[in-house]
Amino acid sequence: MIRLALALLLIVAVARPVLAQPSRAAPSPAPEAQSLPPPPYEPQLLRLSEIMGALHYLRGLCQSPEGLAWRREMQALLDAEAGTSERRERLTQAFNRGYIGFEQSHRSCTPTAQLVARRYLEEGQRLLRDVTQRYVN
């Protein structure tokens, strides 16, 4: 969990300068007026958001020690990446989709729930590694 959280913070901190920044000479328009295309790693961020939602539910269900860590990580991702309300909404919907999907099918901590959580941790780490290798300077 800590590795994934640190990797997420790394990508948020390092990848942020890669995003298009308005020039300092001209006043920047309101975030809603900026219709920047999503970054090339948008599909990976959406999947990562969904994974964090699932982990927030599954790890809480299994009473893991990290508590609200996945919700906090999602908030950090939103703060760093969601420049517009539309993008924030897409990322939030992905998180909620991951959470609700498992909330509907798992009522107790089962071996299957633990296995899924482990696999999602691995997938999240893989996504972060791929994105940082590909898009971070």
Side-chain angles (χ1 to χ4, degrees):
M1 194 313 265
I2 292 173
R3 279 186 176 161
L4 183 57
L6 290 175
L8 176 61
L9 292 176
L10 172 69
I11 190 173
V12 167
V14 177
R16 189 69 178 145
V18 175
L19 302 175
Q21 297 291 325
S23 69
R24 293 183 185 246
S28 62
E32 298 304 320
Q34 294 177 351
S35 58
L36 296 174
Y41 51 86
E42 183 78 356
Q44 291 92 335
L45 285 186
L46 290 170
R47 179 64 183 150
L48 185 61
S49 298
E50 190 171 349
I51 288 170
M52 286 192 287
L55 287 171
H56 180 58
Y57 180 76
L58 291 170
R59 301 291 281 177
L61 184 68
C62 293
Q63 300 175 352
S64 295
E66 64 256 22
L68 297 175
W70 295 108
R71 187 179 180 103
R72 286 190 304 269
E73 293 299 328
M74 184 62 198
Q75 186 60 54
L77 178 67
L78 288 172
D79 292 344
E81 289 290 331
T84 65
S85 61
E86 180 183 316
R87 188 151 186 242
R88 178 177 290 274
E89 182 66 23
R90 281 195 313 270
L91 291 167
T92 301
Q93 285 175 353
F95 180 89
N96 291 339
R97 189 172 42 254
Y99 186 94
I100 291 168
F102 283 99
E103 181 184 42
Q104 293 174 346
S105 60
H106 289 77
R107 298 284 182 223
S108 62
C109 184
T110 63
T112 301
Q114 292 173 338
L115 176 64
V116 169
R118 277 194 307 275
R119 287 184 178 171
Y120 274 6
L121 284 169
E122 292 168 4
E123 183 182 352
Q125 289 172 337
R126 217 174 21 257
L127 279 169
L128 288 169
R129 189 173 44 250
D130 293 347
V131 169
T132 54
Q133 287 175 354
R134 180 177 278 181
Y135 299 105
V136 176
N137 298 338

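What you see below is based on every heavy atom in this structure, not just the backbone, and it leaves out hydrogens, waters and symmetry mates.
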Check: Checking side-chain contact (heavy atoms from CB on, under 4.5 Å) for the pair L55/E66: CA distance, chi angles, key distance, verdict?
Finding: CA-CA 10 Å; L55 287 171; E66 64 256 22; over 6 Å; no

Margin query: Pair L77, E73 - check side-chain contact (heavy atoms from CB on, under 4.5 Å), show working.
Written below: CA-CA 6 Å; L77 178 67; E73 293 299 328; over 6 Å; no

Next item on the list: Decide salt bridge (Lys or Arg N to Asp or Glu O under 4.0 Å) for E50 and R47; before the verdict, give the C-alpha distance in whole Å, the side-chain angles of both, and the deciding distance to 0.1 Å.
Entry: CA-CA 5 Å; E50 190 171 349; R47 179 64 183 150; 3.8 Å; yes

Next item on the list: Determine, stepwise, if the pair Q75 / R72 fulfils side-chain contact (heavy atoms from CB on, under 4.5 Å).
Entry: CA-CA 5 Å; Q75 186 60 54; R72 286 190 304 269; 5.5 Å; no

Next item on the list: Determine, step by step, whether L61 and Q114 satisfy the side-chain contact (heavy atoms from CB on, under 4.5 Å) criterion, reporting the C-alpha distance in whole Å, the side-chain angles of both residues, the deciding distance to 0.1 Å, and the verdict.
Entry: CA-CA 9 Å; L61 184 68; Q114 292 173 338; over 6 Å; no

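Contact check on E122 versus R118 returns no salt bridge, with no Lys/Arg side-chain nitrogen under 4.0 Å from an Asp/Glu carboxylate oxygen.
Partners of Y99 according to the side-chain contact (heavy atoms from CB on, under 4.5 Å) rule, which considers only residues two or more places apart in sequence or in another chain, are H56, Y57, E103.
The backbone N or O of E81 sits less than 3.5 Å from a side-chain atom of R87, completing a donor-acceptor pair.
To the nearest 0.5 Å, the span separating CG on L121 from CG on L58 amounts to 9.5 Å. Rounded to the nearest 0.5 angstrom, L46 CG and Y41 OH are separated by 11.5 Å. To the nearest 0.5 Å, atoms CG (L127) and OG1 (T132) are separated by 10.5 Å. Rounding to the nearest 0.5 Å places OH of Y120 at 13.0 Å from CH2 of W70.
Within 6.0 Å of CZ in R71 there are 12 or fewer heavy atoms belonging to other residues, nucleotides or ligands. No more than 12 heavy atoms of other residues, nucleotides or ligands sit less than 6.0 Å from atom CZ of R119.
Side-chain contact between R134 and P40 is absent, with no heavy-atom pair separated by less than 4.5 Å. A 4.5 Å side-chain heavy-atom check between L48 and V131 finds every atom pair outside the cut-off.
Of all the heavy atoms in L91 and M74, the pair that sits closest is O-CE, 3.3 Å.
Each disulfide bond (SG atoms under 2.5 Å apart) pair with one or both residues in residues 51-108, not counting sequence neighbours, appears once here: C62-C109.
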